[in-house]
Amino acid sequence: MPFCFLIVLVVNMNSSSLALDIGLTGTKLGCGEGGCGACTVMVSQYDRKMTKCVHYAINACLAPLYSVEGMHVITVEGLGNCKRGLHPVQESLARSHGSQCGFCTPGFVMSMYALLRSSQTPPNEQQIEECLAGNLCRCTGYRPILDAFQVFAKTNDTPYTGVSSASLQGEFICPSTGKPCSCGSDSVRDTHNNKESIACHDRYEPVSYNDIDGSKYTEKELIFPPELLLRKSPSLNLNGFGGLKWYRPLSLQDVLDLKSKHPDAKLLIGNTEVGIEMRLKRMQYPVLISVIDVPEFNVLGVKHNGLEIGASVRLSYLMKFFRKVITERAAHETSSCKAFLEQLKWFAGTQIRNVASVGGNICTASPISDLNPLWMAARAEFRIIDCKGNIRTTMAEDFFLGYRKVDLTNGEILLSLFLPWTRNFEFVKEFKQAHRRDDDIAIVNAGMRVRLEDKNGSWVVTDSSIVYGGVAPLSLSATKTKEFLMGKVWNQDLLHNALKHLLNDISLKEDAPGGMVEFRKSLTVSFFFKFFLWVSHQVVGEKSVEKCIPSSHLSAIQSFHRPPVIGSRDYEITQHGTAVGLPEVHLSSRLQVTGEAEYADDTPLPPNGLHAALVLSRKPHARILSIDDSGAKSSPGFWGIFLANDVPGDNKIGPDIADEELFATEFVTFVGQVIGVVVADTHENAKLAARKVHVDYEELPAILSIQDAINAKSFLPNTERCLEKGNVDLCFQSAQCDKIIEGEVQIGGQEHFYLEPNSNFIWTVDRGNEVHMISSTQAPQKHQKYVSHVLGIPMAKVVCKTKRIGGGFGGKETRSAPLAAAASVPSYLLDRPVKLTLDRDIDMMITGQRHSFLGKYKVGFTNEGKVIALDLEIYNNGGNSLDLSLAVLDRAMFHSDNVYEIPNVRILGRVCFTNLPSNTAFRGFGGPQGMLIAENWIERIASELKKSPEEIRELNFQGEGSILHYGQQLQHCTLAQLWNELKLSCEFWKAREEIDIFNSHNRWRKRGIAMVPTKFGISFTLKLMNQAGALVHVYTDGTVLVTHGGVEMGQGLHTKVAQIAASAFNIPLHAVFISETSTDKVPNASPTAASASSDIYGAAVLDACEQIKARMEPVALRQNFNSFAELASACYVERIDLSAHGFYITPDIGFDWRTGKGKPFRYFTYGAAFAEVEIDTLTGDFHTREANIFMDLGYSLNPAIDIGQIEGAFIQGLGWVALEELKWGDGAHKWIPPGCLFTCGPGSYKIPSANDVPFKFNVSLLKGHPNVKAIHSSKAVGEPPFFLASAVFFAIKDAIRAARAEVESNDWFPLDNPATPERIRMACLDEFTTFVSSDFHPKLSV
């Protein structure tokens, strides 16, 4: 049921926590700062001014309960469920494969639902994509989500040709292909090809609409409660935790009286800034005044000379108001309105804009505010009222005094603002560059205005304003440039001299907070150059400008308009039995879209349960002198603190060697190292008590980068590796190599950013004789082992269960286990249930990431481009302990050839010890880093020989029978066929011609293309881990219960395994059920990792099924049974065992590091990808126009799930190569405290959003190539596609080459990943970057 608040009595609690308290667990807490959208709910309220209901999406994590008093709040549970039926939004998302791990799914459902309810007519495709801007997904790659929601769009111009992927009645519609088929029945079909171009002429239309309930898509839709229509909102005066006071006045006078009584009170509307300040920055505001219902603050009026805008007006309302005004007023009057509208489009996500206010954004006075530079530039006036009712007016440009300081005294309030109309030939333009286009804070933004007058046939500047954000502690007006512009003729001379003044006007010190000094400096001049071109273009039609803009320069001022995503998925269905090979939907999809799927943190605590919080180190390397816990002990709700000397068993832990401490004793070796654990009655009280533990340190020197480690010879013990083939030294000395090149490759790390933070719920049984836990982990056995180890009890007495996890990607393979162990100590000693769920910032800070790498290569090759020798040194940043860093290094070394035949190879590897959190497994496990180094030297060879990189790649391909540098021979190699099919599909050489033509006609926008291959080895590189167990039960009703050692984390493992079991018994898929993974059902399971889980657990389940079938066979032969249920019952009567344990070991593998030879992999998964990108050379902004992927997956167990994995891996890989940058306090970022992670939440760390999906996204599976080395001729899919996103990276580099060619710079240049806007722009040499050298290298934490 949904929430419906009439009068709120509970305070100081957000909506997401209330959901858990009353059993509504669908609303998820993903970040706590409004940055991921997992907590999205819909709020409805009656607007008496408009005499209608308004429905809008909000972030529950930022909405205090008292802020929704008198409103109707609908969570995902209010839409539909599996018992009473799904809402069309839920149904469409489930059937379109739009849910994988499912943690983010309720948020997407609610964002779409709120859009539909609030729209009088069906939304268009652009509105649908915009409404999802505040929602993140780490699994799917967004494409199936967009597909699912496009069926609600009003246009018939579909993004895909074909038929509907969602039809709720009539003929069965295949959930994958969107075409009528029999895959939902038990009939068996032959192998056939399936080229789907998804979705949809059968569309959902609203069944009704009224002003109160909005649009309804089903008669079961919840209505707006009638009692709220009749009820008038009262003023509120509430008391909260810690003396907090909350007021909601209804009149301006009441606000002034409260402000007089409480001069330091904080006024708020949406809590989007104050909530983050109080929660993450721990700022205290004892008095909060909500002015959302005060009429004078909500004015929106049109006057003869401009617009009056109340300070409480929400940004989404302001956008609608601007749109209306633009259509009604003369075009020359609304230049500033258009600028604001465009800037607001990229301002935060929809949920934030729905509650954030104009005045709140102004008074926060953020130096990177997107709107404040525009208010200043557009001549806005601010009306300020004091406690006595006196009103004064100040210009916006005079309002901002310093860092977050404004021209308001304690007794003053911003009442409203006035935005004047722009005048004839007055132009206002907005600018912004961020790491990510959607929902991201600016790196630099600007508002610019100029007024021109025709004087003697020339355009002369009579007024101007140039204001920047992101270059100073406040929004900064370029006053000297403004003075220079006055009275000057608008021509090239003005531009040239204005740019000189700007460089003097905007001064950034080398250690300026935020870093990226050179990039920010370049943006200030690039923005003005764009402004000059834009204004010149505006006036060209009026009167001649001194020099018309060359047509090739117009690309600098083209606005970005994203088309709807289009694409296709091409695959072959090879059905085996009743289910294997069919594109079935994820078995949990219906539970996930309804919010009924349960995760670790959804488990309710019993009345005696406690919450845990960690006591963490604040120094990267230090000796612990003393620990004072007196503050914690006096904290409210405190129950206990536990340090190293309280550990019952062994305090030394580690997945391979015990080189870590559960709780630090004498030394700390990274910021965030666990020193102890505190338990209290609530999550917030536990965190508060943990913060009150005071630790005194003696600081010691810290090693914070790979280069620091190399200089200090700081390597983890016994981690030196070497692989050799041929004789590298002899080859370099001989005449075999026509050319030899040397270089370095820096590779950045990556945060896992699984949507579900780490969570563990632990309790004792029989007064501590047993310990049970529910954990968010990829390795329940590791949790069992760690807890047993630190408590000193046998593993047989410890049980770990995992039903599903909200994403893992390797991050929950080993680094989750110490968290379970930490929580087990207080649970065991106090004999009480304990839950430890990390906040997003803590999770990111302490659990490790993808390893950063440094590669140093020396490559010899012929004039033709044939590679003869490779000498490579690679280093990875292991962090403060070994964890899996050596295994990651091993795989990087195995994959350092990618797909290239190299006669002579020597690879040396080392794991660096640094004072950073221990880095760990991440999708690809070192393979992508090794391959990226290889592709860099391939590109370098192409540059040296003036050839296409694709030519060099093709020339050096491995083939059938190739012997790799570690001795394994390639078998069943499909690389050449994949490559050729891809090249044909994307028409590569035609694309190259078209791009060359585009680049020749566009000076400031460049396009690039690239084709990249991959070869990924399948198996754990540690032989003993390649084993799997399963337990299968057949019940007398013919249903089957399967348990295996693998964990469902969104990859569809349970679905595939269930399909294998269903086909084995020749029963429908719905007759098979997999509940959870548990260490007391399947012992000693390897982690769900290495892409091998479907192979090994599927084979183990099949083994168990075959055992049961063999027992059943004699009974089946004696009689014909009408159903499997009848056969099972007959076997039961015959006392035949209908339960079996299955087991599988991967055969024919093994590697000996002493000889450097062996066969570490069972087989290889091959793939290739084409990408086309377009970059803005002036800002570094880019978008992916096309991605075309070909993969060899043998005979897919489930092509729909496999394609979902390909798309998800590609978009995650795109984040790694182009968006996601970790910034640590190191030598490259001295403005960050040493060893601290700056990018510790969605506000500062940007994973791809729906806006980053390629415009055209095609995926094809190679047909007719069964894999004889895995179950049912399939291949592993989880990790292999990840590296294919490097095609985007090298396409970006190709575009940069075209930009550099404009200034005749054709030499090789390095480009580190991620290729962020900073790296792209600074590599594009032009007249605006002359203050840096041509080989300038933006700083990177490595």
Side-chain angles (χ1 to χ4, degrees), residues 332-347 367-380 395-397 400 419-434 442-453 459-472 474-488 490-492 494-506 520-539 545 549 553 556-559 1004 1176 1178-1179 1181 1328:
H332 74 270
E333 292 183 326
T334 59
S335 182
S336 58
C337 298
K338 292 167 188 169
F340 275 105
L341 190 57
E342 190 62 27
Q343 196 77 310
L344 283 165
K345 180 181 177 182
W346 307 112
F347 184 105
I368 50 173
S369 165
D370 289 340
L371 301 184
N372 289 344
L374 272 175
W375 295 125
M376 294 169 66
R379 300 183 297 124
M395 296 299 294
E397 61 183 354
F400 304 100
L419 180 66
W421 302 123
T422 47
R423 298 159 291 189
N424 259 325
F425 301 110
E426 185 171 33
F427 305 97
V428 180
K429 189 64 177 169
E430 82 299 330
F431 297 94
K432 174 180 178 177
Q433 185 57 49
I443 297 169
V444 175
N445 53 32
M448 300 187 186
R449 177 181 58 85
V450 67
R451 189 183 185 197
L452 304 178
E453 268 187 30
W459 290 108
V460 176
V461 178
T462 59
D463 194 8
S464 70
S465 183
I466 311 295
V467 186
Y468 290 98
V471 296
L474 73 167
S475 298
L476 184 66
S477 179
T479 52
K480 293 176 183 176
T481 307
K482 176 181 176 178
E483 290 170 4
F484 163 76
L485 292 176
M486 292 299 293
K488 301 294 190 302
W490 191 259
N491 58 20
Q492 292 290 330
L494 173 143
L495 171 65
H496 181 72
N497 290 307
L499 294 177
K500 288 182 180 178
H501 281 81
L502 270 176
L503 289 174
N504 294 324
D505 240 341
I506 309 299
R520 289 153 71 188
K521 194 174 179 180
S522 76
L523 287 175
T524 61
V525 292
S526 291
F527 285 169
F528 185 82
F529 176 65
K530 281 174 171 272
F531 181 62
F532 175 83
L533 293 180
W534 178 75
V535 172
S536 300
H537 186 59
Q538 299 295 308
V539 298
V545 198
I549 309 168
H553 281 46
I557 56 176
Q558 290 170 356
S559 57
W1004 303 110
D1176 182 333
L1178 291 168
T1179 64
D1181 195 34
F1328 309 121

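Remember, predicted model here, so these are calculated numbers, not experimental data.
For Phe340 against Ala378, the heavy-atom pair with the smallest separation is CE1-CB, 4.3 Å. Here the closest non-hydrogen pair linking Leu503 and Val525 is CD2-CG1, 3.8 Å. The two residues Ala556 and Leu1178 come nearest to each other via the heavy atoms CB-CD1, 3.8 Å. Taking all atoms of both residues into account, the shortest heavy-atom contact from Pro367 to Ala472 is CB-O, 3.3 Å. Looking at every heavy atom in both residues, Gly447 comes nearest to Leu374 through CA-CD2, 3.8 Å. Across Leu419 and Ala380, no two heavy atoms sit closer than the pair CD1-CB, 4.4 Å.
Expressed to the nearest 0.5 Å, how far CZ of Arg451 lies from OG1 of Thr462 amounts to 5.0 Å. Here the straight-line distance linking atom CD1 of Ile506 with atom OG of Ser477 works out to 8.5 Å at 0.5 Å rounding. Atoms CG and CD, on Leu533 and Gln558 in that order, are 11.5 Å from each other to the nearest 0.5 Å. Atoms CD1 and CD, on Ile557 and Gln538 in that order, are 7.5 Å from each other to the nearest 0.5 Å. Atoms CZ and CD1, on Phe431 and Ile466 in that order, are 8.5 Å from each other to the nearest 0.5 Å. Distance check: Trp346 CH2 to Glu430 CD gives 11.0 Å after rounding to the nearest 0.5 Å.
Taking Lys432 as the reference, Asp370 meet the side-chain hydrogen bond (donor to acceptor under 3.5 Å, both in side chains) condition, with sequence neighbours excluded. For Gln343, the side-chain hydrogen bond (donor to acceptor under 3.5 Å, both in side chains) test picks out no residue, with sequence neighbours left out. Under the side-chain hydrogen bond (donor to acceptor under 3.5 Å, both in side chains) criterion, Ser526 pairs with Arg1321, sequence neighbours left out. For Ser369, the side-chain hydrogen bond (donor to acceptor under 3.5 Å, both in side chains) partners two or more places apart in sequence, or in a different chain, are Asn361, Asn372. Among residues two or more places apart in sequence or in another chain, the salt bridge (charged side-chain N to carboxylate O under 4.0 Å, His left out) test is passed with Lys338 by none.
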- prompt: Can you check side chain to side chain contact (heavy atoms under 4.5 Å, CB included) on Val461 and Leu452, steps first, answer last?
  reply: CA-CA 5 Å; Val461 178; Leu452 304 178; 3.8 Å; yes

- request: For the pair Asp463 and Arg423, evaluate side chain to side chain contact (heavy atoms under 4.5 Å, CB included) and give the outcome as yes or no after the intermediate values.
  value: CA-CA 11 Å; Asp463 194 8; Arg423 298 159 291 189; 3.3 Å; yes

message: Determine whether Val450 and Leu485 satisfy the following criterion, side chain to side chain contact (heavy atoms under 4.5 Å, CB included), listing intermediate values before the conclusion.
response: CA-CA 9 Å; Val450 67; Leu485 292 176; 5.7 Å; no

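With Phe532 as the partner, the ring-ring contact (aromatic ring centres under 6.0 Å, His included) test is satisfied by one option alone out of Trp459, Phe427, Trp490: Trp490.
In this structure the side chain of Tyr468 reaches within 4.5 angstrom of the side chain of Met448, judged on heavy atoms. Looking only at side-chain heavy atoms (C-beta outward), Leu495 and Phe528 come within less than 4.5 Å of each other.
Remark: the Gln433 side chain and the Thr1179 side chain contain an N/O donor-acceptor pair separated by less than 3.5 Å.
A donor-acceptor contact shorter than 3.5 Å is absent between the side chain of Ser335 and the backbone of His332.
Listed by first then second residue, pairs satisfying side-chain hydrogen bond (donor to acceptor under 3.5 Å, both in side chains) with a partner in residues 478-487 read Thr481-Asp505, not counting sequence neighbours.
Cation-pi geometry between Lys488 and Phe484 is met: the NZ or CZ atom falls under 6.0 Å from the ring centre, inside 45° of the normal.
Aromatic ring orientation, Trp1004 versus Phe529: perpendicular (interplanar angle above 60°, classes split at 30° and 60°).
Under 4.0 Å is where a charged nitrogen must lie from a carboxylate oxygen, and between Arg379 and Glu426 at least one such pair does.
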